[in-house]
Amino acid sequence: MWKSGTLLLLSVLWASGELQQETEPRRLPPPGKLDFGYVPAGVYETLAHYEPGPIGILFHLVHAFLHAVQPNAFPHDLIVKLAKDKFGAIQTEYQKAIYYEIGFLICAAVGLLFAILMPVVGLFFCMCRCCDNCGGEMHQRQRKNADCRRGLLGTLLFSTSLVITIGVLCAYAANQNLSSQVKNIRRLVNSNMRDLHTFANDTPMQIDYLISQYATVKNKVNYDLDNIGPLLGGRIHVRLDKEVHPALNQVLNMAGAMRETKEALENVSVSLVVLQEGAGKLHFNLSQVCDSINRTLDDPGCHDEESDATTAQLCRSIRQSLSQLQISANFTRLPNVNPQLEKMKNVVKTDLSSVVHRGFSSLNDTPHIVIEQTRSVVNSVQNLVDSVGNNISSFSKAFPLQTCLSNFTIFISHAHAKIEDYYPEVDKMDFYRWIGCIALCCMVVLVLAFNYLGLLCGTLGYDKHASPTTRGCISNTGGTLLMAGVGFSFIFSWMLMGVLTTIFLAGGNMEKLLCEPFHTKELFKVVDTPYLINPEWKNFIPGYMYNDSDLELTSESLYSTCKQNKGIYSALRLDKVFNISSFLNTTVFTKDVVRQLENFRIDLRTIILLEAEGKQNLLDFSEAGLSEINYADYLDEVNKGVTVVDVLSFAKELESQTDLMPRGPLQAALKGHVATLQRIHRQQITPMEQAMSALNQSMRFLERTASDLPNKVTDVLEAIEAAQHLISQNATLLINQETRKYSATIIGYFNQYIEWVKTSLALEVAPCKPFSNILDTAQIMTCSFLVDSMNTFWMGLGCSTLFLLPSVILAVKLAKYYRRMDTEDVYDDVETIPMKNMEIGNNGYHSESSQGIPNPMMTSVPTYDTMNRFPRASAPPRHIDW
């Protein structure tokens with residue numbers, strides 16, 4: 001059996017090895033989580049749990065009684081010492097044994113004393129009654145409380161019989177429970193055997209599943225290797241982009257500034273031409289308007305003596321305000337920006353944005369560069385991964401798993417067949433046991449039958465008007481039945497007590513020394529005591545199986561692990577014994593892979609962020625002469641406005657003054673000048689103001705752009721140079737960091753697989769619950785079925801046997817009140833008692849005349865003839881009673 005079991009356990013290991021590294025495992029960052037699914041597991045049908053049902057109350061009562069009889073703790077040290085000395089120490093340790101068994105010994109002594117004294121007492125009781133003593137005399141004294149005594153004795157006997165009946169019923173229930181549970185043994189054994197077959201059949205499937213899940217690792221590794229560009233190159237690109245992107249953005253911003261500068265210079269040039277031309281035309285038109293107004297004001301209506309004084313004053317006011325109608329800004333003195341504009345046109349001929357975008361494209365091409373530079377390493381790693389998978393498959397096929405499992409299955413079948421052969425014997429033995437227990441119960445039931453029938457006949461046949469000598473046949477039969485019960489009590493009780501005491505000693509000690517310690521696991525501690533079974537082995541199981549008794553593998557740990565339905569791999573600590581980690585541990589999986597991944601060589605010096613053309617373009621921009629423009633003169637002229645006075649306001653004021661004049665040619669002429677001024681403002685001044693606004697915005701933009709422009713360009717170039725230096729010279733550290741992370745991710749997939757295999761082996765593959773179920777089933781059959789039932793049997797029948805004592809006493813006393821007596825007490829006085837009373841037998845001797853027997857006392861009886869008047873066993877009445 002052990003050979004088959006060991007081969008089976010070896011078969012569990014072939015796909016996992018020990019999976020324990022002999023060196024400290026690498027500390028890797030957590031890789032992407034792989035989903036290996038769930039290991040297919042069979043369902044074990046054995047439910048190694050017993051619920052006794054209502055009879056469990058009796059079981060608990062028995063346990064409580066046994067605890068009261070034996071409250072001492074489990075004698076671990078005593079049993080270990082006796083076991084080590086092969087019970088040779090019993091002579092020196094008998095005091096401890098007696099102390100532990102004192103409760104059982106006292107109870108056994110009581111039972112033995114009962115079994116010895118009961119037949120002796122019965123013998124003397126019979127002899128005593130044969131001598132007309134001990135209630136054997138068929139004479140009953142008349143007492144005033146006779147009815148009360150009879151009722152009390154009947155009630156007590158009935159109550160005692162009920163207690164005895166309850167005890168018999170408990171014993172019968174326990175007997176039937178044991179017989180019914182014996183029938184369940186076949187079901188439990190069969191389910192355990194089916195679970196063992198399930199264990200043997202599912203283990204290959206589970207191991208195949210462990211192997212097949214290597215494909216998950218392989219696929220994930222190949223996927224990451226095929227996508228090394230986005231994964232590794234993408235990470236490198238992201239890291240570089242954090243440093244490079246701001247520099248390229250600065251160049252891109254500078255390209256935008258170039259375009260805006262050129263546009264601003266163009267706007268300045270155009271606006272300046274517009275303003276210069278417009279200023280000349282405006283000056284000419286305003287001069288003409290002033291001349292026209294002056295000529296109009298020379299009208300006689302303005303200064304004639306006959307003219308209105310108000311009109312004259314208005315004319316003077318208008319004439320004085322005409323001096324304000326002139327150009328304010330002098331745009332002709334402003335130099336043009338054509339030199340700067342020509343330089344900027346040359347600058348923007350180079351498309352700096354395209355140059356920058358080529359730099360971005362070169363940087364974004366990092367994943368492709370990584371793919372091209374790591375192609376050979378990726379192919380090597382993929383070939384290595386394929387070879388590892390092939391090695392696993394070839395090793396699994398080389399191991400004789402199916403043969404081992406077939407042998408184990410054959411062993412299970414043979415063992416099951418042998419167990420099946422014992423079922424008829426078990427049924428036969430249980431039938432004999434059942435018959436014996438029923439016979440014991442029937443002994444007590446026979447006594448109960450006499451008691452109940454005696455009480456029934458005695459109660460129904462009792463006539464309170466009848467004297468003890470004239471009691472009826474039914475009442476007399478009841479008394480006779482009670483005495484028959486007493487006789488059978490003496491006959492059976494000592495045999496019952498002897499058998500029950502034997503069962504009590506066996507069942508009680510099995511409960512306290514086997515069943516109870518099993519539940520508290522004290523029994524396992526005894527078995528796991530170092531050097532107990534073999535003086536050379538510290539731990540028996542590993543010493544026997546692996547010849548390594550120092551291995552921490554105990555029966556308690558084995559049972560507890562299997563009880564939790566964990567794998568047999570962890571239950572038997574096979575990871576410490578079968579060391580095939582050289583094939584399937586982390587080192588084998590990863591050493592070559594790490595070595596190949598360390599061959600990554602990534603060179604990013606081909607990435608050019610900004611070509612020389614772009615750098616020169618930036619320098620040309622800084623030398624475009626923007627700082628040579630006299631921004632102050634421009635802004636001064638722009639801020640002056642087009643005219644000294646707002647022409648539109650001047651026209652409105654002139655119109656309001658004209659409205660105050662009387663209607664006439666003067667007013668009409670002045671209104672025409674107002675319309676001319678409004679037209680000049682609309683057609684000439686408004687466009688010039690717009691040109692001045694554009695000129696103002698452009699000049700301010702140019703002023704801001706030109707401010708410290710060479711330094712800004714220098715800063716941009718330095719940032720580009722720093723980013724380029726990072727890529728070309730200092731990117732090695734960054735690349736190595738990302739490469740290690742990428743390699744750690746690849747290795748992490750193998751580690752996940754190994755950890756998953758280890759966890760699956762420990763918890764899911766070949767779960768050994770069937771083996772703990774076998775032990776639990778044995779415990780259920782031994783303790784729950786047999787011991788509890790037999791303990792309940794002796795407790796119930798033992799209580800009934802003990803209560804036979806008060807039943808005997810009460811039955812003997814009560815029978816006097818039911819049986820027909822031969823004589824009875826007579827309290828007569830010849831002088832005072834009428835003869836009629838004597839004739840009917842109320843107060844004298846029993847009259848026999850009615851039955852044809854002559855009554856000698858009716859003839860001549862001396863008054864003081866005590867020998868005749870007072871029969872034997874009847875004391876003469878005291879004088880005071882006369």
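Basis for what follows: all heavy atoms, side chains included, without hydrogens, waters or symmetry-related copies.
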- request: Go through the steps for L500 and M795 under the test side chain to side chain contact (heavy atoms under 4.5 Å, CB included), then give the verdict.
  value: CA-CA 8 Å; L500 294 176; M795 185 187 73; over 6 Å; no
message: I'd like to know whether L66 forms a side chain to side chain contact (heavy atoms under 4.5 Å, CB included) with F104, so could you lay out the CA-CA distance, the side-chain angles of the two residues, the decisive distance to 0.1 Å, and finally the verdict.
response: CA-CA 9 Å; L66 290 176; F104 288 109; 4.0 Å; yes
query: Going through the distances and angles, do W794 and L505 end up as a side chain to side chain contact (heavy atoms under 4.5 Å, CB included)?
result: CA-CA 10 Å; W794 64 249; L505 289 176; over 6 Å; no
- prompt: Would S180 and N184 satisfy side chain to side chain contact (heavy atoms under 4.5 Å, CB included), going step by step from the backbone distance to the final call?
  reply: CA-CA 7 Å; S180 62; N184 290 331; 5.8 Å; no
field: C799/C170 under disulfide bond (SG atoms under 2.5 Å apart): CA gap, chis, key distance, verdict
entry: CA-CA 10 Å; C799 291; C170 291; over 6 Å; no
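The shortest side-chain heavy-atom distance between T477 and L481 falls under the 4.5 Å cut-off. Contact check for V787 versus E516: no side-chain heavy atoms found under the 4.5 Å cut-off. With contacts defined as side-chain heavy-atom distances shorter than 4.5 Å, the pair L446/F492 qualifies.
Within the 3.5 Å criterion, the main-chain N or O of E45 finds a donor-acceptor partner in the side chain of D195. Between the D430 side chain and the V426 main chain, no donor and acceptor come within less than 3.5 Å of each other. Panel note: side chain N791, backbone V62; no donor-acceptor pair is recorded below 3.5 Å. For the pair D776 (side chain) and H49 (backbone), a donor-acceptor distance under 3.5 Å is absent. Looking only at distances, no side-chain donor or acceptor of S489 sits under 3.5 Å from a matching main-chain atom of V808.
Annotation for K813: atom NZ does not count as buried by contact number, only 12 or fewer foreign heavy atoms lying within 6.0 Å. Within a 6.0 Å radius of CG in L453, other residues, nucleotides and ligands contribute more than 12 heavy atoms. Annotation: F785, atom CZ; neighbour count of heavy atoms from other residues, nucleotides and ligands within 6.0 Å is above 12.
In terms of heavy-atom proximity, A815 sits nearest to G479 at CB-O, 3.7 Å. Between I164 and S807, the shortest heavy-atom distance links the atoms CD1-CB, 4.1 Å. Scanning both residues, M118 and S493, for their nearest heavy atoms gives CG-OG, 2.8 Å. Of all the heavy atoms in M781 and L188, the pair that sits closest is CG-CD1, 4.4 Å. Here the shortest heavy-atom pairing between A108 and F504 reads N-CE2, 4.4 Å. The two residues P770 and N192 have their closest heavy-atom pair at O-OD1, 4.0 Å.
No side-chain N or O of S789 forms a donor-acceptor pair with one of N175 less than 3.5 Å apart. Residues D788 and H63 have side chains that bring a donor and an acceptor to within less than 3.5 angstrom of each other. Side-chain contact check for K769 and T46: no donor-acceptor pair (N or O, by modelled atom type) lies under 3.5 Å. Under 3.5 Å, the side chains of Y44 and S191 contain no donor-acceptor pair of N or O atoms. Using modelled atom types, one finds a donor on one side chain and an acceptor on the other under 3.5 Å when comparing H519 with Q779.
Applying the side chain to side chain contact (heavy atoms under 4.5 Å, CB included) test between M193 and each of T198, I419, I774 identifies I419 as the sole match. With L113 as reference, L117 is the one residue of I116, L117, V110 to meet the side chain to side chain contact (heavy atoms under 4.5 Å, CB included) rule. Of the candidates L162, T160, L156, L162 is the only one forming a side chain to side chain contact (heavy atoms under 4.5 Å, CB included) with F158.
Residue pairs meeting the ring-ring contact (aromatic ring centres under 6.0 Å, His included) criterion with at least one member in residues 417-451, sequence neighbours excluded, are F450-F488.
Ring orientation note: the planes of Y559 and F524 are close to parallel, at an angle under 30° on the 30°/60° scale.
At a threshold of 4.0 Å, the pair E556-K525 does not count as salt-bridged, since none of the basic side-chain nitrogens sits closer than that to a carboxylate oxygen.
With sequence neighbours left out, the salt bridge (charged side-chain N to carboxylate O under 4.0 Å, His left out) criterion links D427 to no other residue.
Aromatic ring centres of Y172 and F793 lie farther apart than the 6.0 Å criterion allows.
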